[in-house]
Student: 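My structure is below; once you've seen it, I'll send some questions.
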Number of protein chains: 2
Amino acid sequence: METEHIDTLSKLLKSMSHPIRLKILCLLRDQELSVGDIRNQVKTTNANVSQHLNILRNQGIIDCRKDANFIYNRVTDPRITELMKTMQELYCPHK
Amino acid sequence: METEHIDTLSKLLKSMSHPIRLKILCLLRDQELSVGDIRNQVKTTNANVSQHLNILRNQGIIDCRKDANFIYNRVTDPRITELMKTMQELYCPHK
DNA sequence: TTTCTATTTTAGTAATTAGTTTAATGTAGT
DNA sequence: ACTACATTAAACTAATTACTAAAATAGAAA
């Protein structure tokens, strides 16, 4: 694997490797959620969720659309969905 | 996904998300290498490689065997190999 | 034993990352 | 206009992580 890919991938993994951000990605895997929705599930402050969402946006993992005064977030990159699926299969004991 | 799995996985991703450690994992995917071998490929100090290897060992990703005064490292967890394979397929343009 | 080589550990510092608080922005409804 | 709500931005402290250099450990060979 080339250095360029190593760097790209390590940045991606880093952005996913915070428990709050990983949880957000899980939540957004099959639904669109507002910042407030996420805050309720993750139990932290709005500002903190916002900061984490921003990191995921800058990484190109999620994007958002605005509706009234809500911002709905969703996973955009299908590779992330695929990667999450693989991780779940490998690390979550299948029922 | 349960909180426990989220924590486990985020720790795993964190340990993989440093470029040097990710490169080490790539190198060890299909071969056993000594600390010095790795240092030559990664271009840093022995101590630095040793520290990164230690992080990967504590995470249970790799283990090592001693032969004379060399320590040979290898990936032990087959899930890591599988995960690396998926990441490579998704993020390295296939020839 | 001494010497050399490979690796690890420790200690120190620099750099990055995380979380809290507060202020600011934007939008809908009254 | 004002008020309420949702979100973001800025500033700061605390905590973690990374790298370097030097000392320590362990084994092989002389």
Side-chain angles (χ1 to χ4, degrees), chain A residues 3 6-28 31-76, chain B residues 3 6-28 31-76:
Chain A
T3 305
I6 299 274
D7 286 349
T8 304
L9 255 174
S10 60
K11 277 179 199 144
L12 174 69
L13 293 177
K14 192 168 174 184
S15 71
M16 299 174 72
S17 71
H18 188 289
I20 288 183
R21 293 197 290 271
L22 191 58
K23 172 127 193 192
I24 290 174
L25 290 178
C26 284
L27 293 171
L28 294 183
Q31 60 189 329
E32 225 181 26
L33 293 175
S34 71
V35 178
D37 293 335
I38 295 171
R39 182 208 55 226
N40 290 336
Q41 304 251 13
V42 169
K43 298 288 185 216
T44 180
T45 61
N46 262 330
N48 195 14
V49 170
S50 180
Q51 285 165 352
H52 285 302
L53 285 173
N54 211 30
I55 290 172
L56 294 173
R57 277 183 206 125
N58 291 339
Q59 187 54 235
I61 295 182
I62 65 174
D63 74 351
C64 54
R65 77 182 166 84
K66 198 161 194 171
D67 182 10
N69 44 5
F70 292 88
I71 289 181
Y72 291 99
N73 301 274
R74 61 180 178 185
V75 175
T76 44
Chain B
T3 306
I6 299 273
D7 285 349
T8 304
L9 255 173
S10 60
K11 278 179 198 143
L12 174 70
L13 292 178
K14 192 169 175 185
S15 71
M16 298 174 73
S17 70
H18 189 289
I20 289 183
R21 292 197 292 272
L22 191 58
K23 172 128 194 192
I24 289 174
L25 289 178
C26 283
L27 292 171
L28 294 184
Q31 60 190 332
E32 223 182 25
L33 293 174
S34 71
V35 179
D37 292 336
I38 294 171
R39 182 209 54 227
N40 289 337
Q41 304 251 12
V42 170
K43 297 289 185 217
T44 180
T45 60
N46 260 330
N48 196 14
V49 170
S50 179
Q51 286 164 353
H52 284 303
L53 286 173
N54 209 33
I55 290 171
L56 294 172
R57 281 183 203 125
N58 291 338
Q59 187 55 234
I61 295 182
I62 65 175
D63 76 350
C64 57
R65 80 182 165 84
K66 199 161 195 171
D67 182 9
N69 44 6
F70 292 90
I71 290 182
Y72 291 99
N73 301 273
R74 62 180 178 185
V75 175
T76 45

Student: Rounded off to whole Å, could you give me the CG-to-C1' distance for the A:Leu13 and D:dT17 pair?
Tutor: 17 Å
Student: Calculate the interatomic distance between B:Asn58 atom CG and C:dT9 atom C1'; express it in whole Å.
Tutor: 13 Å
Student: Quickly work out the B:Asn46 CG to D:dA26 C1' distance and round it to whole Å.
Tutor: 15 Å
Student: So does B:Asn69 reach the base of C:dT7 with its side chain, donor to acceptor, closer than 3.5 Å?
Tutor: no
Student: Short question: side chain of A:Thr76, backbone of A:Ile61 - any donor-acceptor pair under 3.5 Å?
Tutor: yes
Student: Please tell me which of the listed nucleotides, D:dA18, C:dT9, C:dT20, lies nearest to the side chain of B:His18?
Tutor: D:dA18
Student: Starting at atom CG of A:Asn73, determine the distance to atom P of D:dA6, rounded to an integer number of angstrom.
Tutor: 15 Å
Student: Taking the side chain of A:Lys66 as its heavy atoms from C-beta onward, which of D:dT8, C:dT9, C:dG26 lies nearest to it?
Tutor: C:dG26
Student: Distance check needed: D:dT17 C1' versus B:Ile20 CD1, whole Å only.
Tutor: 13 Å
Student: Has the side chain of B:Gln51 got a donor or acceptor that lies under 3.5 Å from a partner of the other kind on the base of C:dT10?
Tutor: yes
Student: Going by an N to O cut-off under 4.0 Å, is there a salt bridge joining B:Asp63 and B:Arg57?
Tutor: no
Student: Report the residue (A:Ala47 or A:Arg21) whose heavy-atom-nearest nucleotide on DNA chain C is the more 5′ of the two.
Tutor: A:Arg21
Student: Give a yes or no answer on whether the side chain of A:Asn73 reaches the backbone of A:Leu33 with a donor-acceptor pair at less than 3.5 Å.
Tutor: yes
Student: State whether B:Ser34 places a side-chain N or O below 4.0 Å from either non-bridging phosphate oxygen (OP1 or OP2) of C:dT7.
Tutor: yes
Student: Measure from the side chain of B:Ala68, starting at C-beta and using heavy atoms only, and say which of D:dT17, C:dT20, D:dA28 lies closest.
Tutor: D:dA28
Student: Which nucleotide, D:dC19, C:dT21, D:dT7, lies nearest any side-chain atom of B:Asn48?
Tutor: D:dC19
Student: Kindly indicate whether the side chain of B:Ile20, heavy atoms from C-beta on, has any atom under 4.5 Å from the side chain of B:Val49.
Tutor: no
Student: Whole-Å distance between D:dA26 P and B:Tyr72 OH?
Tutor: 20 Å
Student: For a quick check of understanding: with a heavy-atom distance under 4.0 Å over all strands, which category does B:Arg39 fall into, base, sugar-phosphate or nothing?
Tutor: nothing
Student: State, yes or no, whether a side-chain contact exists between B:Lys23 and B:Leu27 at a heavy-atom distance under 4.5 Å.
Tutor: yes
Student: Taking only the side-chain nitrogens and oxygens of B:His52, find out if one of them lies under 4.0 Å from OP1 or OP2 of D:dT17.
Tutor: no
Student: For A:Arg65 and C:dG26, give me the distance from atom CZ to atom C1', rounded to whole Å.
Tutor: 17 Å
Student: Rounded to whole Å, how long is the line connecting atom CE of A:Met16 with atom C1' of C:dA18?
Tutor: 19 Å
Student: From the list C:dT9, C:dT21, D:dT8, which nucleotide is the closest neighbour of the side chain of B:Ser50?
Tutor: C:dT9
